[in-house]
Amino acid sequence: MLAEALEHLVRGIVPHPDDVHVKDKNLRRGRLLEVHVHPDDIGKVIGRRGRTATALRTVIGALAGRESVRVDFADIDRPRGNGRR
């Protein structure tokens, strides 16, 4: 339910709603919702100073209740992983 709610919210924000995909992963430390969007939409999802991303995390946290949920945002062209140098 959380992944579907997050996907619905993000699709309403971005100009490329067909490229929005949310992966739901269960990890040891809780649940991870990974949001993938079109590269042109990542700024729209994060917002100025991260306000939109914070608001989305707040809504999902409220829906999750006591469950630990983390929300990560990525564009669809950027591979996930440790890209540190």
Side-chain angles (χ1 to χ4, degrees):
M1 178 194 92
L2 291 176
E4 292 87 8
L6 180 58
E7 187 169 331
H8 179 75
L9 289 171
V10 173
R11 283 178 185 257
I13 296 171
V14 298
H16 301 97
D18 294 336
D19 291 338
V20 175
H21 303 287
V22 177
K23 291 183 182 178
D24 190 357
K25 299 179 180 180
N26 287 317
L27 305 174
R28 282 185 304 177
R29 294 176 37 193
R31 201 164 163 187
L32 170 65
L33 298 176
E34 198 172 71
V35 182
H36 296 272
V37 297
H38 190 276
D40 295 339
D41 296 340
I42 193 72
K44 194 92 159 153
V45 172
I46 294 172
R48 289 187 185 187
R49 295 185 169 214
R51 288 185 180 139
T52 305
T54 301
L56 290 168
R57 288 182 176 117
T58 300
V59 170
I60 295 303
L63 289 173
R66 292 181 178 250
E67 184 180 0
S68 174
V69 178
R70 196 174 89 209
V71 179
D72 284 345
F73 300 96
D75 62 39
I76 55 177
D77 287 342
R78 188 181 62 168
R80 292 294 289 176
N82 192 358
R84 296 181 186 154
R85 292 179 188 196

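Keep in mind that this is a model prediction, so the values were computed, not measured.
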> Should V22 and V10 be marked as a side-chain contact (heavy atoms from CB on, under 4.5 Å) after you check the CA-CA gap, both sets of side-chain angles, and the distance that decides it?
Replying inline: CA-CA 10 Å; V22 177; V10 173; 5.8 Å; no

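Residues P17 and R11 share a closest heavy-atom pair of O-NH1, 2.9 Å.
For the pairing with L33, the side chain to side chain contact (heavy atoms under 4.5 Å, CB included) check across I60, L56, D72 returns one residue only, I60. Considering V37, V35, V14 in turn, V37 is the only one that fulfils the side chain to side chain contact (heavy atoms under 4.5 Å, CB included) rule with I42.
Distance check, rounded to the nearest 0.5 Å: OG1 of T54 to CZ of R49 gives 12.0 Å. H21 contributes atom NE2, which lies 12.5 Å from atom CD of E34 (distance to the nearest 0.5 angstrom). If you take CG on L2 and CD on E7, they are separated by 13.0 Å, rounding to the nearest 0.5 Å. Taken to the nearest 0.5 Å, the CG atom of L9 stands 12.0 Å off from the CD atom of E4. Once rounded to the nearest 0.5 Å, the distance linking CD1 of I46 with CG of D41 reads 11.0 Å.
The shortest distance between side-chain heavy atoms of R31 and D24 falls below 4.5 Å. Under the 4.5 Å side-chain criterion, counting only non-hydrogen atoms from C-beta, R57 is not in contact with V69.
Summarising the local packing, NE2 of H8 is surrounded by 12 or fewer heavy atoms from other residues, nucleotides or ligands at distances under 6.0 Å.
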